[in-house]
Amino acid sequence: MKDVQVDVLIIGAGPSGCVAAAYLHKQGITIKVIEKSVFPRFVIGESLLPRCMDHFEEVDLLDCLIAQNFEVKTGARFIKGDTICEFDFSEKYTQGYDWTWQAPRADFDYALTEELKRKGVDIAFNQEVISVEFNKDGSSQTTVKTENEDTFEVHAKFIIDSSGYGRVLPRLLNLDKPSTIPEHSSIFSHVKELERPAGTEGTFITFDVLDTDTWFWVIPFSNGNTSLGFVGKTDFINSFNGTPGERLSEMLKESSYYYERFKNVDFLFEPKIIQNYSKSVTQLYGKGYALTGNSAEFLDPVFSSGVTFATESGLKAAKLITRELQNESVDWEKEYAEYMKKGVSVFASYVKEWYTGNLQTIFFEGTDNPDIKKQICAVLAGYVWDETNPFVKNHDRLIKTLANIIHMNKRTWNE
């Protein structure tokens, strides 16, 4: 194949890469998208947050998604024993979308790439980045291997790495570092529900909390399938014996709320297992490149933040690159790294405090205050850059403080 010359090379055609590509294409910037997989392809991350709807709307990708009739997600439900905590996105502190989707990512991502192809974006599937060489000015030569084992080079002024779990540049440039999120693993599959409960009971996304470290997700789709999965400490996931299917079937017994609903269903594919999944990097950008989405940071999925961080970072990187290509000065540390780290830090606090039990205390014992619940709901909807929200601005201490107050009040009441 012939070598390619573009302004921007995008590695990965998931939501982050698609949003970045849509924005850059709209600005008349030449791009090429390299994707290792063949779409449609399975990937996890099937629950979205309202914040990402702003991104899809801004880059003209919302209508193609609406046309797919995905299951609308208007909130989320958390269950622990006999206690139920529900969040309604229409009752949140920050203004913005009050709905999003629960969607099979194979269909969701395929709809995005098909729309980009229709717009004339150059997307190459089944091609793998095998090496990258940067020049002093940030331009680069990327060697790509095709499905026929041929190679060619992409010469670009800038690279956006949206490769997700593939983490292409972190791997090639030795940027990986351990995450500060506790180590957990997950096991999951899809099932076909022939007798799904009527109404919201059948379609509401739910997190069934079995103990402080272990939870079970139920994500119904509009096509009649449902995503099921357990998250827990790696030792817990590995304590079940047999094939992945046998292990997940046995684990379903742990959910007293859902076992009857799912005990006789067949898995549509052999359950997949991801171990110790939280990842981080030493830096989010460098001369001539930016890391977006899961390539940069992958948090625990308890609050479904993956796609939102992917699209937020993809759009932000694309805007900054556009300015740089127009010879404007860009402060990547302040405008990209610090900005993205603020959002990641907020969500990371919520994930960590979930596993300390403090956030679970608030959910199941202390959400009677409607103002506090609205503020937390805005975070769960993905609006983690709104520093007028006390639970964003003071995320690092407010959850602990509120949980301690709840515990103190409970002790006083019992005395």
Side-chain angles (χ1 to χ4, degrees), residues 14-16 18-20 23 44-59 61-62 65 70-78 85-103 105 108 112 162 164 181 204-205 207 217 219 278 292-294 296-319 336 339-354 359 362-363 372-396 398-399:
S16 181
C18 283
V19 166
Y23 182 86
I44 201 65
E46 302 148 329
S47 168
L48 281 62
L49 302 181
R51 171 59 182 158
C52 68
M53 307 297 281
D54 299 295
H55 309 140
F56 294 127
E57 181 179 31
E58 184 172 347
V59 299
L61 289 176
L62 194 58
L65 295 171
F70 295 123
E71 189 68 50
V72 172
K73 174 184 173 183
T74 58
R77 176 172 66 175
F78 296 83
C85 174
E86 292 186 8
F87 288 93
D88 183 340
F89 291 145
S90 68
E91 297 178 1
K92 65 184 183 306
Y93 174 84
T94 306
Q95 293 297 309
Y97 273 89
D98 57 14
W99 65 277
T100 184
W101 288 296
Q102 298 154 200
R105 283 286 302 282
F108 189 88
L112 290 174
S162 300
I181 301 294
F204 212 27
I205 181 173
F207 302 89
W217 81 66
I219 307 176
S278 293
T292 71
N294 291 342
E297 185 98 15
F298 180 56
L299 297 178
D300 187 287
V302 64
F303 300 123
S304 307
S305 64
V307 172
T308 295
F309 277 127
T311 54
E312 186 86 38
S313 56
L315 183 56
K316 175 65 75 172
K319 288 180 176 180
Y336 187 69
Y339 175 84
M340 289 308 305
K341 285 175 183 176
K342 278 184 181 178
V344 170
S345 178
V346 174
F347 254 119
S349 287
Y350 278 71
V351 172
K352 290 172 187 174
E353 294 296 350
W354 175 263
L359 192 58
I362 296 171
F363 277 23
I372 289 176
K373 190 166 186 179
K374 286 179 180 179
Q375 291 163 9
I376 293 175
C377 186
V379 172
L380 301 186
Y383 293 93
V384 291
W385 287 271
D386 177 12
E387 293 200 342
T388 68
N389 181 350
F391 274 83
V392 170
K393 186 175 179 61
N394 302 313
H395 64 91
D396 53 342
L398 203 49
I399 300 170

Has the side chain of [X] got a donor or acceptor atom that lies under 3.5 Å from a matching backbone atom of [Y]?
{"X": "Ser16", "Y": "Ala310", "value": "yes"}
{"X": "Lys373", "Y": "Glu86", "value": "yes"}
{"X": "Tyr93", "Y": "Thr388", "value": "yes"}
{"X": "Thr100", "Y": "Lys73", "value": "no"}
{"X": "Asp88", "Y": "Gly75", "value": "no"}
{"X": "Arg105", "Y": "Glu46", "value": "no"}

Work out which heavy atom in [X] is nearest to a heavy atom in [Y]; give both atom names and the distance.
{"X": "Pro50", "Y": "Phe89", "answer": "CG-CD1, 3.5 Å"}
{"X": "Ser162", "Y": "Thr292", "answer": "OG-OG1, 2.7 Å"}
{"X": "Gln102", "Y": "Val72", "answer": "OE1-O, 4.3 Å"}
{"X": "Asn389", "Y": "Gln375", "answer": "ND2-O, 2.9 Å"}
{"X": "Val392", "Y": "Asp386", "answer": "CB-O, 3.3 Å"}
{"X": "Ile219", "Y": "Ser47", "answer": "CD1-CB, 4.0 Å"}

Nearest 0.5 Å please: distance from the [atom1] atom of [X] over to the [atom2] atom of [Y].
{"X": "Thr311", "Y": "Glu58", "atom1": "OG1", "atom2": "CD", "value": "10.5 Å"}
{"X": "Glu57", "Y": "His55", "atom1": "CD", "atom2": "NE2", "value": "11.0 Å"}
{"X": "Leu359", "Y": "Trp354", "atom1": "CG", "atom2": "CH2", "value": "6.5 Å"}
{"X": "Ser349", "Y": "Leu398", "atom1": "OG", "atom2": "CG", "value": "11.0 Å"}
{"X": "Thr74", "Y": "Glu91", "atom1": "OG1", "atom2": "CD", "value": "10.5 Å"}
{"X": "Lys342", "Y": "Lys393", "atom1": "NZ", "atom2": "NZ", "value": "8.5 Å"}

Check: Phe207 and Ser304 side chains under 4.5 Å, non-hydrogen atoms: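 Sidechains of Phe207 and Ser304: in contact.
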Val346 side chain near Trp385 side chain, heavy-atom distance below 4.5 Å: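 They are not in contact (no side-chain heavy atoms under 4.5 Å apart), so the answer is no.
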Tyr383 and Asp54: CA distance, side-chain angles, deciding distance, side chain to side chain contact (heavy atoms under 4.5 Å, CB included) verdict: CA-CA 11 Å; Tyr383 293 93; Asp54 299 295; 3.1 Å; yes
Ring-face cation of Lys316 near Tyr336 (centre distance under 6.0 Å, axis angle within 45°): no
Plane angle bin for Phe303 and Tyr350 - parallel if under 30°, tilted between 30 and 60°, otherwise perpendicular: perpendicular
Geometric class of the Phe108/Phe70 ring pair [parallel <30°, tilted 30-60°, perpendicular >60°]: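 Ring orientation, 0 to 90° scale: tilted.
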Pair Tyr339, Glu312: side-chain N/O donor-acceptor within cut-off below 3.5 Å: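 Tyr339 vs Glu312: donor-acceptor pair found between side chains.
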Step-by-step side chain to side chain contact (heavy atoms under 4.5 Å, CB included) determination, Leu49 to Phe347: CA-CA 13 Å; Leu49 302 181; Phe347 254 119; 3.7 Å; yes
Side chain to side chain contact (heavy atoms under 4.5 Å, CB included) between Phe56 and Tyr97, intermediate numbers included: CA-CA 12 Å; Phe56 294 127; Tyr97 273 89; over 6 Å; no
